[in-house]
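When a residue number appears, it is its place in the shown sequence, counting from 1. All figures in this text were calculated on a predicted structure; none of them were measured in a lab. Note that these values count all heavy atoms, side chains included, but never hydrogens, waters or copies made by symmetry.
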Amino acid sequence: MLTSRMVAVHYFVSVLVCVSYAQSLERFIAAVYEHAVILPDSTQTPVTKQEALELMNRNIDILENATKAAAQQGAHLIVTPEDGIYGWQFSRETISPYLEDIPDPDMNWIPCNDPKRFGPAPVQTRLSCMAKDNSIYVVANMGDKKNCNISEAGCPNDGQFNYNTAVVYDSEGKLVARYHKQHLFLGEIQFNAPKEAEVVSFDTPFGRFGIFICFDILFYDPAVALVVDRNVDTILFPTAWMNVLPHLSAIEFHSAWAMGMGVNLLSSNTHSTSKRMTGSGIFSPENVGPYYYNMDTEDGHLVISELNAHPRNSSTYYSIKWNQHASTIKKYSSGTNVFKGSIFFDLFTFTELKEPEENYTICQNDLCCHLNYKRADYGKKKQNNEIYVLGAFDGLHVVEGQYYLQVCTLLKCLSSDLNTCGESVETASTKFKQFTLSGSFSTNYVFPEVLLNNVNLAPNLFKVMSDGRLVSKPAIATHPLLSVTLFGRLYEKDPVN
């Protein structure tokens, strides 16, 4: 029989537990794993399902070891990369034995407990058990297949839709999210894009999560829609990202996207030096966070960090009016050497930074970029022949996809030949005592990047002001600089498919 005193004590203890539990949910521990994928042999003939499963199990073995290590360090969730289970060397025919039918998460399915409920699902079962056995959320990338009637409009000739798919299993092994990649990159001929972009989010004890894959990050749907319409706190981002300097290396752009969008981004990249794939990290709006970038070896790597579960609720978070500063100042001089040059096939307008200290403005179409800078060697004899330029681009990018950009950038040229400005550069020796970069952007979606010598990020070495200025901190003066960029996206000017 319960006495009133016993009930009171029970209630008091319950309240303490609930309060403690709620407080613990304000922060969580995340992990991402950069995986050097074991690839299948190149073939034009499909392997058997058993051979495909053997290859996938070899990769899953590695991902499982990473998951166990993350769980042992207290991680609540781990993200593994795009193509991490079977690689990317496929046609529609040769991908077939690697695919499984992935049901809707509304089916309330734990594959680890009921593996044959929806037919053969050995990969889904392993992933589910991996999550359940380690009491951790697991994010993985695999292939989904959906049969269709070839007489129906849009159905492929082989009677099957193939989707590049991200799946999420919770700490009990239940499938809680399934996302089909919308924006397929060049060469993904083995997959279909869904008819409409899927905007997939789900709630956890440590915030609301959204998920998309690789190339999706450059488009409004689903990437921006998840933040604006679904109000997610954290993005799960499996990717197989090939680094393109000076503006689109993985760690550079992904950390900038997290800062510009005001959310956490858990970026897990495939590792392949021959494909220039590396760069994974745990990025938040407040700071860069830990990351991994390695072009020297073929090793996988686990990254773990604690995060604010609701970053936009932080007292340090503020919105940014990206064109406010640029709209209030008079244009500076464009310098004496204005010229055109290409960055990833986009024709920029450049001006050379000839002086050790100066203010410059460079414009293209509706965008004007303003730079104030002072090199660290100001007042001294210049010790090298490195050339830096200020550049502006306001136009449609049309190479691997079509998307409208507004970009302001300070960058190092590959050599003293101005024709090399905009080419890939990984090393620098020139240091800047200070710089301030701003632009007359026509968009609220601007992503701030600062890249240092040897492709390193600049944690705590710059700040973005509420009026849109990217401003260096004093400690930047000890670090050689590769580039400083405000990378803007005008989604409303993207071509309509």
Problem - Among Val168, Val139, Val167, Leu63, the one residue meeting side chain to side chain contact (heavy atoms under 4.5 Å, CB included) with Leu127 - result: Val167
Practice task
Mark yes or no for whether Arg312, through its side chain, and Val232, through its backbone, hold a donor-acceptor pair below 3.5 Å.
Solution key: yes
Handout entry: Modelled atom types, side-chain donor and acceptor of Asn164 and Glu188, under 3.5 Å
Key = yes
Problem - Separation of Asn456 CG from Tyr293 OH (nearest 0.5 Å) - result: 9.5 Å
Handout entry: Pair Phe344 and His247, ring centroids less than 6.0 Å apart
Key = no
Exercise for the section: Hey, can you tell me if Phe215 and His183 have their rings parallel, tilted or perpendicular (30° and 60° cut-offs)? Expected result: perpendicular
Practice task
State the CG-OG distance between Asn269 and Ser280, to the nearest 0.5 angstrom.
Solution key: 5.0 Å
Handout entry: side-chain hydrogen bond (donor to acceptor under 3.5 Å, both in side chains) between Gln406 and Thr443, intermediate numbers included
Key = CA-CA 8 Å; Gln406 284 189 327; Thr443 177; over 6 Å; no
Problem - Near-ring test Tyr388/Phe432, centroid separation under 6.0 angstrom - result: yes
Completion exercise
Scanning both residues in full, the closest heavy-atom pair of Thr270 with Pro81 reads N-CB, 3.5 Å
Problem - Asn359 CG to His370 NE2 distance, which is reported to the nearest 0.5 Å - result: 11.0 Å
Practice task
Give the C-alpha distance, both sets of side-chain angles, the deciding distance and a yes or no for side-chain contact (heavy atoms from CB on, under 4.5 Å) between Leu481 and Leu410.
Solution key: CA-CA 10 Å; Leu481 188 70; Leu410 156 66; 4.0 Å; yes
Handout entry: Crowding at NZ, Lys331 (>12 non-hydrogen neighbours, <6.0 Å)
Key = no
Handout entry: Donor-acceptor side-chain pairing of Lys181 and Thr165 below 3.5 angstrom
Key = no
Exercise for the section: Calculate, to the nearest 0.5 Å, the distance between atoms OG1 and CG belonging to Thr436 and Leu371 respectively. Expected result: 8.0 Å
Handout entry: Nearest heavy-atom neighbours spanning Ser415 and Thr420
Key = N-OG1, 3.0 Å
Exercise for the section: Verify the distance criterion only: is there a donor paired with an acceptor across the side chains of Asn372 and Gln434 at less than 3.5 Å? Expected result: yes
Exercise for the section: Look up atom CE in Met295 and atom OG in Ser249, then write down how far apart they are to the nearest 0.5 Å. Expected result: 11.5 Å
Problem - Heavy-atom neighbours of Lys321 NZ exceed 12 at 6.0 Å - result: no
Problem - Test item: side-chain donor near acceptor, Glu449 and Ser483, under 3.5 Å - result: no
Completion exercise
To the nearest 0.5 Å, atom OG1 of Thr67 lies from atom CD1 of Ile62 at 11.5 Å
Exercise for the section: Please work out which of the three classes, parallel, tilted or perpendicular, describes the rings of Tyr137 and Phe206, given edges at 30° and 60°. Expected result: perpendicular
Practice task
Check whether the ring centres of Phe212 and Phe219 lie less than 6.0 Å apart, and answer yes or no.
Solution key: no
Exercise for the section: Take Ile217 and Thr239, measure what side-chain contact (heavy atoms from CB on, under 4.5 Å) needs, and give me the verdict at the end. Expected result: CA-CA 10 Å; Ile217 198 172; Thr239 185; over 6 Å; no
Exercise for the section: Mark yes when over 12 heavy atoms from residues, nucleotides or ligands other than Lys374 sit less than 6.0 Å from its NZ; otherwise mark no. Expected result: yes
Handout entry: His271 side chain to Asn294 side chain, donor-acceptor N/O pair below 3.5 angstrom
Key = no
Exercise for the section: For atom CD of Glu492, decide whether the heavy atoms of other residues, nucleotides or ligands shown that lie under 6.0 angstrom number more than 12. Expected result: yes
Handout entry: Partner of Arg208 by side chain to side chain contact (heavy atoms under 4.5 Å, CB included), out of Thr234, Asp203, Leu226
Key = Asp203
Problem - Asn264 and Asp233: side chain donor to acceptor below 3.5 Å - result: no
Practice task
Step by step, work out the disulfide bond (SG atoms under 2.5 Å apart) result for Cys369 and Cys363.
Solution key: CA-CA 6 Å; Cys369 304; Cys363 298; over 6 Å; no
Problem - Ring centroid separation Tyr332 to Tyr360 under 6.0 Å - result: no
Exercise for the section: Please work out which of the three classes, parallel, tilted or perpendicular, describes the rings of His76 and Phe28, given edges at 30° and 60°. Expected result: perpendicular
